[in-house]
Amino acid sequence: MSNNKNKLVTVVDSTSEVGDFVTRALLKEGYKVRALTRNIESNAAKALKNLDAEVVKCSDTDSPANIQAALIDTEVIFYPTNFWSSFEKEVEYGIKFVDAALSVKTVKHYVFHGLISCKTVSNDKYSVPHFDLKYRVEQHLRKVSKENPNFISSFIYSPFYMQNFSSIFTPKRSTTINGTYTISMPLEESKPLDMVDIKDIGPIVAGIIANPSKYSGVVVPLAGEKLTGDQICQVFTKVTGKQVKYNYIPPATFRTFAFPYANEIASMFQFFSEFGAFNDLDTTLASSIHKLTSLEDYLISTKFRFE
């Protein structure tokens with residue numbers, strides 16, 4: 001086991017989907033992991049404890065003093081902010097956690113799970129808060145690292161999760177053609193969608209932690225596969241044997257749908273259609289760390305089935 005594996009890595013929000021996969025991947029690699037969570041009695045927290053993670057009650061909503069206490073002896077932090085639980089306070093909580101971590105002298109490397117700034121890239125054409133707020137936290141973290149060279153920061157960006165095909169964008173049975181399914185999204189037909197399997201985030205984070213100087217200040221975009229709507233449907237058809245067709249929903253129509261954040265999701269897809277998930281970032285970095293899952297392999301490994 002390398003010296004790197006003796007580092008104590010603290011994973012924030014460890015029982016979230018991303019945090020859980022990262023914690024498990026780091027434990028598998030032999031790292032000592034402290035798993036921070038709001039509820040240490042949850043089934044997810046108990047499962048991590050059974051894998052030998054050190055489970056500690058703490059979240060980014062806590063006081064700076066509580067955060068500092070939870071980070072004692074930590075050398076590396078993985079922090080995925082969660083807009084969907086923090087909303088407009090995401091920046092406040094994110095900055096507070098960075099500043100608290102800086103005061104813990106053992107912390108040398110801060111890996112932040114962020115997103116590209118849609119407002120910046122599009123010159124204010126598109127506003128997508130769950131992207132743009134993360135970028136504001138990233139800007140603060142970069143400033144802190146610049147002012148404190150021994151406090152290294154690294155960044156990973158995720159695109160559309162393949163897991164979304166089992167939730168908000170699950171294929172629906174056609175009401176007009178028997179035995180046919182449709183995938184409906186506000187993504188222009190000719191534009192490819194960047195996708196990743198959430199499980200791939202863990203090995204990528206492990207690779208970044210193992211090489212802090214190499215990834216200091218670097219954004220690693222998690223570009224697993226890039227397919228148009230029709231190509232996505234072709235993969236579903238190949239794996240399931242069911243006929244799957246793509247249905248483009250104009251963003252203006254999508255915005256009228258009666259579910260939370262339909263307007264924001266529509267803007268996100270408009271940004272994707274025009275700029276992609278990563279704009280001009282180097283999308284080869286992640287695959288040089290870990291082989292990323294294709295959509296076909298994801299559907300096979302998860303034994304995807306239609307409703």
Side-chain angles (χ1 to χ4, degrees), residues 14-29 43-44 47-48 50-51 80 113 115 156-175 177-208 220-249 265 268-269 272-273 276-278 283-307:
S14 63
T15 52
S16 66
E17 195 167 19
V18 170
D20 185 87
F21 282 131
V22 170
T23 300
R24 290 170 182 269
L26 293 173
L27 289 169
K28 186 177 179 180
E29 288 294 316
N43 290 335
L48 294 179
N50 288 338
L51 293 173
H113 186 204
L115 289 167
I156 62 169
Y157 286 179
S158 295
F160 182 92
Y161 291 138
M162 294 175 183
Q163 281 76 3
N164 288 330
F165 290 121
S166 296
S167 56
I168 186 173
F169 293 108
T170 187
K172 302 294 185 182
R173 187 186 299 272
S174 173
T175 58
I177 305 175
N178 190 38
T180 299
Y181 293 79
T182 59
I183 293 176
S184 301
M185 295 189 291
L187 179 78
E188 293 179 20
E189 294 97 323
S190 63
K191 302 297 185 179
L193 177 68
D194 287 291
M195 299 171 286
V196 74
D197 180 353
I198 293 179
K199 289 185 179 180
D200 286 336
I201 297 176
I204 298 298
V205 171
I208 292 171
V220 178
L222 304 183
E225 188 151 32
K226 192 171 187 175
L227 302 173
T228 64
D230 283 340
Q231 290 171 330
I232 290 169
C233 291
Q234 289 168 14
V235 174
F236 272 87
T237 295
K238 178 181 178 181
V239 172
T240 67
K242 303 290 185 180
Q243 194 67 24
V244 184
K245 298 293 186 181
Y246 184 64
N247 177 42
Y248 169 61
I249 304 174
I265 293 172
M268 178 186 77
F269 274 97
F272 286 168
S273 291
F278 304 121
T283 56
T284 66
L285 290 176
S287 58
S288 70
I289 299 172
H290 171 75
K291 184 179 184 299
L292 298 177
T293 305
S294 68
L295 178 60
E296 180 176 346
D297 288 342
Y298 168 76
L299 295 176
I300 292 171
S301 67
T302 58
K303 298 180 173 59
F304 182 88
R305 295 291 182 271
F306 294 107
E307 296 178 350

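Worth knowing before you read on, the calculation uses all heavy atoms, side chains too, and leaves out hydrogens, waters and symmetry mates. The shown structure was predicted, so the numbers you read here are calculated from the model rather than taken from an experiment.
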| query | Is it the case that more than 12 heavy atoms not belonging to Asn43 sit under 6.0 Å from its CG atom? | reply | no
| Reported CZ-to-OG distance for the pair Phe304 and Ser166, which is rounded to 0.5 angstrom | 5.0 Å
| For Ser16, all residues meeting side chain to side chain donor-acceptor pair (under 3.5 Å), sequence neighbours excluded | none
| Looking only at heavy atoms, which two atoms of Pro203 and Ala25 are closest? And how far apart? | N-CB, 3.9 Å
| remark: When every non-hydrogen atom of Pro186 is compared with those of Phe269, the smallest separation belongs to O-CB, 3.2 Å
| query | How would you list, by chain and number, every residue that makes a side chain to side chain donor-acceptor pair (under 3.5 Å) with Ser158, sequence neighbours excluded? | reply | His113
| remark: One should read off an interatomic distance between Leu27 CG and Leu48 CG, to the nearest 0.5 angstrom, of 7.5 Å
| message | Tell me every residue that passes ring-ring contact (aromatic ring centres under 6.0 Å, His included) with Tyr161, counting only those two or more places apart in sequence or in another chain. | response | none
| field | side chain to side chain donor-acceptor pair (under 3.5 Å) against Thr302, all qualifying residues, sequence neighbours excluded | value | none
| said: Just to verify, what does Phe165 make a ring-ring contact (aromatic ring centres under 6.0 Å, His included) with, not counting sequence neighbours? | reply: Phe160, Phe236
| task | For Ile204, check side chain to side chain contact (heavy atoms under 4.5 Å, CB included) against everything at least two apart and list the hits. | result | Ile156, Ile208, Val220, Leu222, Ala286, Ile289, His290, Leu292
| field | Sidechain-backbone polar pair: Thr240 side chain, Lys242 backbone, donor-acceptor under 3.5 Å | value | yes
| message | Within this structure, what is the OH-NZ distance for the pair Tyr181 and Lys172, rounded to the nearest 0.5 Å? | response | 11.5 Å
| query | Can you list the residues that meet the side chain to side chain contact (heavy atoms under 4.5 Å, CB included) rule with Ile300, with sequence neighbours excluded? | reply | Val239, Glu296
| Is there a side chain to side chain contact (heavy atoms under 4.5 Å, CB included) between Asp20 and Ser14 once you walk through the steps? | CA-CA 5 Å; Asp20 185 87; Ser14 63; over 6 Å; no
| query | Who pairs with Ile168 by side chain to side chain contact (heavy atoms under 4.5 Å, CB included), at least two apart in sequence or on another chain? | reply | Asn164, Phe259, Ile265
| field | Heavy-atom pair with the smallest gap, counting every atom of Ile183 and Pro171 | value | CG1-CG, 3.7 Å
| field | salt bridge (charged side-chain N to carboxylate O under 4.0 Å, His left out) contacts touching residues 224-233 (sequence neighbours left out) | value | none
| request: Please confirm whether the backbone N or O of Lys245 pairs with a side-chain atom of Thr182, one donor and one acceptor, at under 3.5 Å? | output: no
| field | Flag, side chain of Ser288 to backbone of Leu285, donor-acceptor distance under 3.5 Å | value | yes
| Who pairs with Asp197 by side chain to side chain contact (heavy atoms under 4.5 Å, CB included), at least two apart in sequence or on another chain? | Met162, Gln163, Lys199, Asp200, Thr293, Tyr298
| query | Which pair of heavy atoms, one from Glu29 and one from Ala206, lies closest together, and at what distance? | reply | CG-CB, 4.1 Å
| note | So CD of Gln231 and CG of Leu295: to nearest 0.5 Å the spacing works out to 10.5 Å
| field | Minimal non-hydrogen separation, Val196 against Pro159, with atom names | value | CG1-CD, 3.5 Å
| task | Kindly determine whether Val18 and Ile198 satisfy side chain to side chain contact (heavy atoms under 4.5 Å, CB included), including the steps that lead there. | result | CA-CA 7 Å; Val18 170; Ile198 293 179; 4.2 Å; yes
| said: I want to know whether Phe278 and Phe272 have ring centres closer than 6.0 Å. | reply: no
| request: Calculate, to the nearest 0.5 Å, the distance between atoms CZ and CD1 belonging to Phe21 and Ile201 respectively. | output: 9.0 Å
| task | Drop me the distance from Ser273's OG to Glu188's CD, to the nearest 0.5 angstrom. | result | 4.0 Å
| message | Please find the pair of heavy atoms, one from Tyr246 and one from Cys233, that lie closest to each other, and give the distance. | response | N-SG, 3.4 Å
| task | Show your reasoning for whether side chain to side chain contact (heavy atoms under 4.5 Å, CB included) applies to Met195 and Leu227. | result | CA-CA 8 Å; Met195 299 171 286; Leu227 302 173; 3.9 Å; yes
| query | In chain order, what residues pass the salt bridge (charged side-chain N to carboxylate O under 4.0 Å, His left out) check against Asp297, with sequence neighbours excluded? | reply | none
| task | Under the side chain to side chain donor-acceptor pair (under 3.5 Å) rule, collect the residues that match up with Ser190, sequence neighbours excluded. | result | none
